[in-house]
There are 2 protein chains.
Amino acid sequence: MTAEPLPRQVGHPLATEFRLTEVLQALSDPLRLDIVATLAESGVELSCSAFHLPVTKSTSTHHFRVLREAGIVQQRYEGTARMNSLRRQDLDAVFPGLLASVLSSAVRNER
Amino acid sequence: MTAEPLPRQVGHPLATEFRLTEVLQALSDPLRLDIVATLAESGVELSCSAFHLPVTKSTSTHHFRVLREAGIVQQRYEGTARMNSLRRQDLDAVFPGLLASVLSSAVRNER
DNA sequence: TGATTGGTACGATAATAAACGTACAACGAT
DNA sequence: ATCGTTGTACGTTTATTATCGTACCAATCA
């Protein structure tokens, strides 16, 4: 009676549920800001391990979860990897110009 | 030999010292975001007590200090009151568009 | 099947941050 | 001089967050 393993999935907030303070909080961590900037520059999906973050796997999981729960990244499984992409359209729809100004500020400020 | 009391003064960071993550962190608190939005809407200097914050005086002092140290507000004494104003020009120079997008997002998101 | 890869879950710890109360300081007015 | 107003300083408490380690799971590969 071994149950079928459930397909792995994660919950993402709807764009209507985004909260500004939560987004700002998520972006206020240097590591996470770096992740977002890297995603924006690359323009493609990236696995968690592609970032070579200077923290352990479990801490990495934590940061990606904060970004996901704030609505900043979209995650989906591809094999064993979890692919991350920016929710640009959703963010722009709810907070117009915010991501762009944060990203250009991040470049100027060198994080 | 009673020393003259020093004129009260506070330290403000130079615009060149602004750090994006610190600014985002400062703005990520609902109370502080409210303060900034009120300052922006009013367009004038406001004393700390003009905000009628739902916290004690000492907590209020704390939040204004966070905003000041991030470079978001300018403070000066006027009598016993501490007058606060936005450092709009400095912020726009270092992080172009950031404050504007945060403020318009705050309105949409109703904080 | 078993090992490897990439990531999660959970619990613990340490650092940071929000909130408060009390005591106090500077200024203005009485 | 002393009182009310406005805010600061300091120490404490509580809540949140960043980090880690260990154990584990699902997918792929040999």
Side-chain angles (χ1 to χ4, degrees), chain A residues 2-12 19 21-36 39 45-70 72-85 111, chain B residues 2-12 19 21-36 39 45-70 72-85 111:
Chain A
T2 54
E4 282 295 298
L6 291 173
R8 288 182 299 182
Q9 246 178 332
V10 285
H12 292 86
R19 287 183 315 165
T21 50
E22 196 178 350
V23 169
L24 294 175
Q25 163 76 25
L27 294 174
S28 72
D29 180 276
L31 213 61
R32 291 193 294 258
L33 186 53
D34 225 57
I35 291 172
V36 172
L39 275 176
E45 284 184 319
L46 293 174
S47 70
C48 294
S49 62
F51 292 89
H52 305 294
L53 301 176
V55 291
T56 62
K57 286 192 299 178
S58 47
T59 301
S60 179
T61 294
H62 161 69
H63 285 300
F64 280 101
R65 180 175 49 226
V66 171
L67 288 173
R68 171 169 47 80
E69 292 181 348
I72 296 172
V73 303
Q74 178 81 228
Q75 297 185 303
R76 70 178 186 88
Y77 282 101
E78 182 165 312
T80 72
R82 186 166 223 172
M83 305 303 290
N84 302 273
S85 54
R111 268 80 106 187
Chain B
T2 55
E4 283 294 299
L6 292 174
R8 288 183 299 182
Q9 246 179 331
V10 284
H12 292 83
R19 287 183 313 166
T21 50
E22 196 178 350
V23 169
L24 294 175
Q25 163 77 23
L27 294 174
S28 72
D29 180 274
L31 212 63
R32 289 192 295 258
L33 186 53
D34 225 56
I35 291 171
V36 172
L39 274 177
E45 284 183 319
L46 292 175
S47 70
C48 295
S49 62
F51 293 88
H52 305 294
L53 301 176
V55 291
T56 63
K57 286 191 300 178
S58 47
T59 301
S60 178
T61 295
H62 161 69
H63 285 300
F64 280 101
R65 181 174 49 225
V66 172
L67 288 173
R68 170 170 46 80
E69 290 180 349
I72 296 172
V73 303
Q74 178 81 229
Q75 298 184 304
R76 72 178 184 85
Y77 282 102
E78 182 165 310
T80 73
R82 187 167 224 172
M83 305 303 291
N84 301 272
S85 53
R111 268 82 103 185

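Only a predicted model underlies this, so the values are computations on that prediction, with no experimental measurement involved. Heavy atoms only: backbone and side chains are in, while hydrogens, waters and symmetry mates are out. Convention: sequence-line order gives letters A, B, ...; per-chain numbering from 1.
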Expressed in angstrom and rounded to an integer, what is the separation of B:D29 atom CG from C:dA18 atom P?
6 Å
Output the distance between atom CZ (A:R32) and atom CG (A:L53), rounded to the nearest 0.5 Å.
11.5 Å
Nearest-Å distance, CD (B:E69) to P (D:dA9)?
10 Å
Tell me if a side-chain donor or acceptor on A:N84 pairs with a main-chain N or O of A:L46 at a distance below 3.5 Å.
yes
Quick check: do B:Q25 and A:Q25 have side-chain heavy atoms less than 4.5 Å from each other?
yes
Quick one: pull up CD in B:E78 and CD in B:E45 and give me the separation to the nearest 0.5 Å.
6.5 Å
CG on A:L33 to CD1 on A:I72, rounded to 0.5 Å
9.5 Å
Given D:dA18, C:dT5, D:dT6, identify the nucleotide with an atom nearest to the side chain of B:S49.
D:dT6
A:L33 CG to D:dA18 P, in whole Å, measures 13 Å
Residues of residues 53-60 of chain A with a heavy atom under 4.0 Å from any atom of DNA chain D, listed by number, are A:V55, A:T56, A:S58, A:T59
Do B:Q75 and B:H12 have side-chain heavy atoms sitting under 4.5 Å apart?
yes
For nucleotides 11-14 of chain D, tabulate all protein N/O to nucleotide N/O atom pairs closer than 3.5 Å, reporting atom names and distance.
none

Nearest-Å distance, CG (A:L31) to P (D:dT17)?
16 Å
State whether the side chain of A:R68 and the backbone N or O of A:G11 hold a donor-acceptor pair below 3.5 Å, judged by distance alone.
yes
To the nearest Å, how far apart are B:H62 NE2 and C:dG21 P?
16 Å
Atom-pair distance (CE on A:M83; C1' on C:dT5), nearest Å:
14 Å
Any idea which heavy atoms bring B:V55 and B:S60 closest together, and the distance?
CG2-N, 4.0 Å
With a cut-off of less than 4.0 Å, is there a side-chain N or O of B:H63 near OP1 or OP2 of C:dA19?
yes
Between D:dT6, C:dG7, D:dA18, which nucleotide gets closest to the side-chain atoms of A:Q25?
D:dA18
Interatomic distance where CG belongs to A:L67 and C1' belongs to C:dG7 [whole Å]:
16 Å
What distance do B:S28 atom OG and A:D29 atom CG have between them, rounded to the nearest 0.5 Å?
11.0 Å
Taking CZ from A:F51 and P from C:dG7, how many angstroms apart are they, rounded to a whole number?
10 Å
What's the closest nucleotide to the B:R65 side chain, out of C:dA18, C:dG7, D:dA9?
D:dA9
So what does B:Y77 hit on the nucleic acid, given a heavy-atom distance under 4.0 Å: a base, only sugar-phosphate, or nothing?
sugar-phosphate
